[in-house]
Student: 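To start, I am sharing the structure in question, which I have written as structure tokens.
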Amino acid sequence: MKKNAAFLVLMFVFTTVFSQSENKEQLTKEGWNFGALPTITFDTDLGFQYGALVNLYNYGDGSRYPNYNHSLYFEVSRYTKGSGIYRFYYDSDQLFKGLQTSMDLSYLTDQAYDFYGFNGYDAVFNSNWIDDEESGYVSRVFYNYNRKMFRWKVDLQGKLTSDRFRWIAGVNFLNFDINSVDIEKLNKGQDEADKLPDVDGLYDKYLEWGIISDNEADGGFVPTFKAGVVFDTRDNKPNPMKGVWTEAVIVASPKMLGAESSFSKISLTHRQYFTLVPKDLSFAYRLAYQTTLGGDVPYYYQSQVITSIMKGATSEGLGGSKTLRGIKRNRIVGDGFLFGNAELRWKFARFRWLNNNFYLGLNGFMDFGVITDKIEFENPLSPNMSSIPYSDYFEDDAEKLHTSYGAGLRIAMNENFIIAVDYGLATDERDGTSGFYMGLNYLF
């Protein structure tokens, strides 16, 4: 069916507890403050989201506001396309003296996790195969598989020479449980005309052709250990007006605790923020490069984007709400990649409501990415085969730069709790058409 992203109602409830103080210049926050949001949102890749989240902030005596002492985030939500988020996230620079501490505990389910093959445009995307109003329709879940992921992640940062130049260390335990899309489950309760055909998807074909090995087919356990350095001069973490945020991180996954493979990766990320109009208008950009240093990376880990700190429930791509907005989620997956984002951010209105500070913001953006190191695999198909059309699945050496552009709205309370709405457009139909996303926080 043709999809029109229209979202007419945005609901949010903000409540403040404990003490607050006000002067003529600004409303400062003390003690505990929280934002509670019915998670009635929409994401082109995931569908409508329903559930609830709560983000609690502790500002202590208010002397550090808008910086907080502790942040606790809880979310339980589902998406209509079958995904689920069960998450607790904690962040503080006061728990241990001299350390920035972050912890994430999540269980993420996805009945139709996007899978378009490997190496960007080298893997052909046939949009008519998933659109039941087009000729050549196969199944709307042809480019999907069923994934359940458990994650326990702890990140620490401490001084090297100053608060701005810090070391990074962390551990991330991931467990992936992967299967074909459960067609029978998705068809339950559906009218006959709306039922999905019971056909193999791309994931099943990659298994049949041996591109995905039997050893990796159903997922596995991936323990990773992280070390790196960060240089951070941002004036405000949720939405900086000036400064840089640059990091170099190496992740190593040893073959231990039941892990089926070992590998190492490096990630280099640079973000910079410029004030154009004091307090109101800024320009921000991000450049990121990630590649494999050695070992054998399981296909189900290749979509993970390595960062020093989580900015949302997932850090995956390339493509989708966290990397290349407007491009299909996970459209660009390789052994190494480069991507970037550029944004113009305008805070066009400020007001107080229910004893809280609010601002409204608009942002225009452009995103881009490209595979720099391809996933190598032995392809059993060839252009000369008559039984399986090679050009339906592969186009040799087709990979090139992927780009998208769009605009967004931000609703921020007390500088830290930020509702984000973005709409992105892909510039090449091989990446899809567009994406509409509602969530939390600026992208970077």
Side-chain angles (χ1 to χ4, degrees), residues 45-46 81-85 104 106-120 122-123 141-153 171-182 200-226 251-265 267 290-307 310 313-320 322-323 328-337 371 373-379:
D45 299 311
L46 304 173
K81 291 187 180 181
S83 300
I85 298 175
D104 177 275
S106 299
Y107 182 59
L108 310 175
T109 63
D110 200 327
Q111 290 186 130
Y113 186 74
D114 297 76
F115 178 69
Y116 297 97
F118 306 134
N119 305 328
D122 283 13
V141 294
F142 180 82
Y143 293 106
N144 303 96
Y145 58 69
N146 190 320
R147 189 191 79 167
K148 300 179 180 69
M149 186 181 78
F150 170 82
R151 179 181 65 224
W152 181 62
K153 190 174 190 290
V171 60
N172 188 10
F173 290 165
L174 295 165
N175 191 73
F176 298 85
D177 182 6
I178 295 172
N179 288 287
S180 303
V181 174
D182 191 340
D200 287 344
L202 185 65
Y203 164 77
D204 303 293
K205 293 184 179 295
Y206 272 41
L207 289 178
E208 177 188 345
W209 298 335
I211 297 173
I212 295 176
S213 69
D214 292 338
N215 189 46
E216 294 183 357
D218 59 356
F221 177 61
V222 182
T224 63
F225 299 88
K226 176 171 66 180
V251 165
S253 178
K255 198 170 184 179
M256 58 178 286
L257 302 175
E260 297 172 343
S261 60
S262 63
F263 62 88
S264 60
K265 282 181 172 284
S267 172
Q290 180 175 309
T291 196
T292 301
L293 297 176
D296 298 314
V297 185
Y299 79 92
Y300 47 80
Y301 185 85
Q302 291 283 25
S303 61
Q304 299 296 306
V305 177
I306 300 166
T307 62
M310 295 288 293
T314 60
S315 181
E316 298 179 318
L318 299 178
K322 302 303 180 185
T323 52
K328 286 190 171 293
R329 181 176 60 153
N330 301 334
R331 176 65 181 98
I332 305 121
V333 174
D335 215 26
F337 53 76
I371 297 296
D373 293 292
K374 295 182 179 180
I375 295 174
E376 295 182 0
F377 58 90
E378 201 166 314
N379 194 337

Student: Under the rule for ring-ring contact (aromatic ring centres under 6.0 Å, His included), what residues qualify as partners of Tyr206, not counting sequence neighbours?
Tutor: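 Residues passing ring-ring contact (aromatic ring centres under 6.0 Å, His included) with Tyr206: Phe115, Phe118.
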Student: Contact between Gln111 and Asp182 at the side-chain level, heavy atoms closer than 4.5 Å - yes or no?
Tutor: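 They are not in contact (no side-chain heavy atoms under 4.5 Å apart), so the answer is no.
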Student: Give a yes or no answer on whether the side chain of Lys226 reaches the backbone of Thr307 with a donor-acceptor pair at less than 3.5 Å.
Tutor: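 Side chain of Lys226 to backbone of Thr307: a pair is present.
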Student: In chain order, what residues pass the side-chain hydrogen bond (donor to acceptor under 3.5 Å, both in side chains) check against Asp104, with sequence neighbours excluded?
Tutor: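 If we apply the side-chain hydrogen bond (donor to acceptor under 3.5 Å, both in side chains) test to Asp104, skipping adjacent residues, the hits are Arg87, Ser106, Arg151.
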Student: With a 4.5 Å heavy-atom cut-off, do Val333 and Asn119 have their side chains touching?
Tutor: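 A side-chain contact is absent here, since even the closest heavy-atom pair is not under 4.5 Å.
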Student: Under a 4.5 Å cut-off applied to non-hydrogen side-chain atoms, are Gln304 and Gln290 in contact?
Tutor: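 Answer no - side chains too far apart.
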Student: Among residues at least two apart in sequence or on other chains, which ones pass side-chain hydrogen bond (donor to acceptor under 3.5 Å, both in side chains) with Thr323?
Tutor: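 Thr323 satisfies side-chain hydrogen bond (donor to acceptor under 3.5 Å, both in side chains) with no other residue.
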Student: Between atom OH of Tyr107 and atom CD1 of Ile85, what is the distance when rounded to the nearest 0.5 Å?
Tutor: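 Tyr107 OH to Ile85 CD1: 13.5 Å, rounded to 0.5 Å.
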Student: Restricting to side chain to side chain contact (heavy atoms under 4.5 Å, CB included), what partner residues turn up for Thr314, sequence neighbours left out?
Tutor: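 Applying side chain to side chain contact (heavy atoms under 4.5 Å, CB included) to Thr314 gives Leu108, Glu316, Lys322.
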Student: Give every donor-acceptor pair under 3.5 Å between a side-chain atom in residues 207-215 and any protein atom, sequence neighbours left out.
Tutor:
from: Ser213; atom 1: OG; to: Glu216; atom 2: N; distance (Å): 3.4

Student: Sequence neighbours left out, what passes ring-ring contact (aromatic ring centres under 6.0 Å, His included) with Tyr143? Give chain and number order.
Tutor: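 Testing Tyr143 for ring-ring contact (aromatic ring centres under 6.0 Å, His included), a comparison that skips the adjacent residues, returns Tyr116, Phe125.
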Student: Once rounded to the nearest 0.5 Å, what's the spacing between atom CG of Asn144 and atom CG of Asp114?
Tutor: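 Going from the CG atom of Asn144 to the CG atom of Asp114 covers 5.0 Å.
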Student: Between Leu202 and Phe142, is any pair of side-chain heavy atoms under 4.5 Å apart?
Tutor: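 Answer yes - side chains close enough.
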Student: Side chain to side chain contact (heavy atoms under 4.5 Å, CB included) with Asp218: which residues, sequence neighbours excluded?
Tutor: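 By the side chain to side chain contact (heavy atoms under 4.5 Å, CB included) rule, Asp218 matches no residue at all.
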Student: Hey, could you give me the CZ/CD1 distance between Phe337 and Ile332, rounded to the nearest 0.5 Å?
Tutor: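 Taking CZ in Phe337 and CD1 in Ile332, the distance rounds to 10.0 Å.
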Student: With sequence neighbours left out, what residues match Phe221 under ring-ring contact (aromatic ring centres under 6.0 Å, His included)?
Tutor: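 By the ring-ring contact (aromatic ring centres under 6.0 Å, His included) rule, Phe221 matches Phe173.
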Student: Side chain to side chain contact (heavy atoms under 4.5 Å, CB included) with Asp177: which residues, sequence neighbours excluded?
Tutor: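 Residues passing side chain to side chain contact (heavy atoms under 4.5 Å, CB included) with Asp177: Lys148, Asn179.
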Student: What distance separates Asp296 CG from Ser261 OG, expressed to the nearest 0.5 Å?
Tutor: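 Reported to 0.5 Å precision, the distance equals 6.5 Å.
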Student: In chain order, what residues pass the side-chain hydrogen bond (donor to acceptor under 3.5 Å, both in side chains) check against Thr291, with sequence neighbours excluded?
Tutor: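 If we apply the side-chain hydrogen bond (donor to acceptor under 3.5 Å, both in side chains) test to Thr291, skipping adjacent residues, the hits are Asp373.
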Student: Are any side-chain N or O atoms of Ser267 and backbone N or O atoms of Ile306, one a donor and one an acceptor, separated by less than 3.5 Å?
Tutor: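 Pair found, side chain donor or acceptor close to backbone of Ile306.
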Student: Between Ser303 and Tyr113, do the side chains contain a donor N or O and an acceptor N or O under 3.5 Å apart?
Tutor: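 Ser303 and Tyr113 do have a side-chain donor-acceptor pair below 3.5 Å.
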Student: Holding to side chain to side chain contact (heavy atoms under 4.5 Å, CB included), I want the full list of residues that pass it with Ser253, two or more places apart in sequence or in another chain.
Tutor: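 For Ser253, the residues satisfying side chain to side chain contact (heavy atoms under 4.5 Å, CB included) (neighbours in sequence not counted) are Val222, Pro223, Thr224, Phe263.
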Student: Just to verify, what does Asp122 make a salt bridge (charged side-chain N to carboxylate O under 4.0 Å, His left out) with, not counting sequence neighbours?
Tutor: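 If we apply the salt bridge (charged side-chain N to carboxylate O under 4.0 Å, His left out) test to Asp122, skipping adjacent residues, the hits are Lys374.
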Student: Work out which heavy atom in Val305 is nearest to a heavy atom in Gly317; give both atom names and the distance.
Tutor: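 Where Val305 meets Gly317 most closely, the heavy atoms are CG2-N, 3.8 Å.
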Student: How close do Ser262 and Lys255 get, heavy atom to heavy atom, and via which atoms?
Tutor: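 Closest approach of Ser262 to Lys255, heavy atoms only: CB-N, 3.7 Å.
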Student: Report yes or no: do Thr292 and Asp335 form a side-chain donor-acceptor pair below 3.5 Å?
Tutor: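 Checked: Thr292/Asp335 side chains pair up, N/O donor to acceptor below 3.5 Å.
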